[in-house]
Amino acid sequence: MDKNKLKILGFAGSLRLGSYNKALLRAAVDLVPDDMHLEIFDLEGIPPFNQDTEQNMPDKVKEFKTKIREADGILIASPEYNYSVPGVLKNAIDWASRPYGDNPFDGKPIAIMSASVGMLGGARAQYHLRQMFVFLNMYPINRPEVIVPFAQDKFDANGKLLDYNTKKFLGQLLENLANWTRKLVA
Ligand SMILES: Cc1cc2nc3c(=O)[nH]c(=O)nc-3n(C[C@H](O)[C@H](O)[C@H](O)COP(=O)(O)O)c2cc1C
């Protein structure tokens, strides 16, 4: 990989094989600007957080933290569960932020997006994520807000993104993430 490229780590708040949010991340891989490399990390295998083991973390969590630390920026695609962030995603963020004082998210730029089968596209989960970024000391992109409602109509049976507007906004989000990251790492 070209070492002048921005390294972005992407992960989804769904473990589901046919996840629309995972599919959105895969679409992002195809749409990244030339100066960006997007690596996708699967949260599968991260156990429930237990503070008793935060000084001796499971290997999967260590790997996650290392990937975050090595990345110039972060991209999250998540569904909304019960009007908020899925436990799987919150759990992974909680692990990564510990032990106190060893937060690899610190100071990093982040872009978020959400896909849902509902009409609000997971927007409420996005706002709960933004609240976490205050404590994590992350710098989120404000716009465009990539919110994908009725996701079942926007992807084909293989999880390929078909919708023109979603592609357009996703491309713009990635462009803004690249520009924002360049400013922050300058
Ligand atoms: C436990 C649970 C809670 C859900 N709550 C919401 C919700 O609050 N809002 C919403 O728009 N969709 C909700 N959904 C539907 C999800 O949008 C839908 O399952 C979506 O496909 C999940 O994302 P994924 O395809 O990436 O797995 C919920 C689904 C589950 C399994």
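Fair warning: this is a prediction, and the values are worked out from it, not measured in the lab. For the single chain, residues carry numbers from 1 onward in sequence order. Start at 1 and go down the list; that is how both ligands and their atoms are numbered.
Under the side-chain hydrogen bond (donor to acceptor under 3.5 Å, both in side chains) criterion, K22 pairs with D42, not counting sequence neighbours.
Closer than 4.0 angstrom to ligand 1 sit non-hydrogen atoms from S14, R16, S19, Y20, N21, P79, E80, Y81, N82, Y83, S116, V117.
Classified by interplanar angle (parallel below 30°, tilted 30° to 60°, perpendicular above 60°), the ring pair F64/F105 is perpendicular.
Electrostatic pairing of K65 and D102 counts as a salt bridge here, judged by a charged N lying under 4.0 Å from a carboxylate O.
A151 and A115 make their closest contact through CB-CB, 4.2 Å (heavy atoms, listed as atom of the first residue, atom of the second, distance).
With contacts defined as side-chain heavy-atom distances shorter than 4.5 Å, the pair P86/S78 qualifies. Residues E39 and K67 have side chains in contact (heavy-atom distance under 4.5 Å, counting atoms from C-beta outward).
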